[in-house]
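One structure below.
Naming convention: chains lettered A, B, ... in sequence-line order (proteins, then strands); numbering from 1 in each chain.
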Amino acid sequence: MRESIIMKIHYGTALGAVALVAVHILMRMSQKFSDSLQYQNVIANYHFLPYALMLEVLLVLLSVHGFNGLRVILLELKQGSTYERMINYGSLAAMAALIAYGSRTILMAGMGVS
Amino acid sequence: MAERLSNREGIKGMANPTRYGIERVAYWLQRLTGLGLLAYLIGHIYETSTIVNGKIAWNQMLELTQTPQGHILLTLVIGMCVFHTANGIRVMLGHGGIGVGKPGQPEYPYKAASLNYKQRLCIWVSIALAALAMMYGASVLFGD
């Protein structure tokens, strides 16, 4: 994929993540912060389908943005075809692993598996 | 070869924010806050995954994270997040040509068209917004 397209994805995921992080924080602020972290309240968040879907989208946006940012930093440090290939595939693998692990939590908590 | 290697500072060059003025500091902070936020994201996803192990595991995790040290860390995360967002929007606008001057013949006193006062002001505004957000965040976290 061309770097110009990757940068557009980077900026798009950034803007999307800003909007969804704001909603995520506002949900915590809708009640006293320590109360919002109580087990029942957090489980209720996962059981509320629109919010769970929003968390999933947020997880994908932040993982793509975060690991692409890390990829850019690492490519600024050093260049070379083997190194660049290693960083590109490594970032993709780490991104996929984080999305899989976070999705597992959202799915299991949402379906009441614990 | 020796000259080429002396110009290759690698991670030391990237970690040094002192040269080239406030723009370099913004570049450095953007990367530093990005790395910090990625580390926090991974930690946060791990932290929240304990919910699937039941109420006891969740409460044990809360005991570990809902401490003064945990709140200081969260306050720093708020600051990093706000700076990274505000400065990121500045960079995005700059890449789109918004807020950067038109190229022209250099005339004394040489004023940079690309990183002009608007861009510099935006960097300071980003830092100020981050500081304000940290103060508000700390008041919420420690006021509980």
Count the heavy-atom pairs under 4.5 Å between each of Leu37(A), Leu62(A), Ile106(A) and chain B, then report the option with the highest count. Leu37(A)
Counting only heavy atoms closer than 4.5 Å, note whether Ile45(B) contacts chain A via side chain, backbone, both or neither. both
Top residue by heavy-atom pair count (under 4.5 Å) with chain B, among Val42(A), Leu70(A), Ile43(A)? Val42(A)
Among Leu41(B), Ile89(B), Leu37(B), which residue forms the greatest number of heavy-atom pairs with chain A at distances under 4.5 Å? Leu41(B)
Taking every heavy atom of Val91(B) against every heavy atom of Tyr11(A), the minimum-distance pair comes out as CG1-OH, 4.0 Å
Minimum-distance pair of heavy atoms, taken over all atoms of Phe33(A) and Gln66(B): CE2-OE1, 3.5 Å
Nearest heavy atoms of Gln119(B) and Ile98(B), plus distance in Å: NE2-O, 3.9 Å
Can a side-chain donor-acceptor contact be found between Ser103(A) and Glu56(A) if the only test is distance below 3.5 angstrom? yes
Contact class of Ile78(B) relative to chain A, heavy atoms under 4.5 angstrom: neither
Under 4.5 Å from any heavy atom of chain A - which part of Ile42(B): both
Taking side chain as everything from C-beta outward and backbone as N, CA, C, O, which of these in Tyr27(B) sits under 4.5 Å from a heavy atom of chain A? Side chain, backbone, both or neither. side chain
Under 4.5 Å from a heavy atom of chain B, the part of Leu59(A) involved: side chain
Would you mind checking which part of Met29(A) comes under 4.5 Å of any heavy atom in chain B, side chain (CB onward), backbone (N, CA, C, O), both or neither? side chain
Is it the side chain or the backbone of Ala109(A) that comes within 4.5 Å of chain B heavy atoms, both, or neither? both
Which atom pair, heavy atoms only, marks the closest approach of Arg90(B) to Cys122(B)? CD-CB, 3.5 Å
Is His10(A) close to chain B through its backbone or its side chain, or both, or neither, when contacts mean heavy atoms under 4.5 Å? neither
Do the side-chain N and O atoms of Arg28(A) and Asn45(A) include a donor-acceptor pair separated by under 3.5 angstrom? yes
Are Lys78(A) and Glu84(A) ion-paired here, with the side-chain N under 4.0 Å from a carboxylate O? no
Nearest heavy-atom pair of Ser126(B) and Asn87(B): which atoms, and what distance? OG-N, 3.5 Å
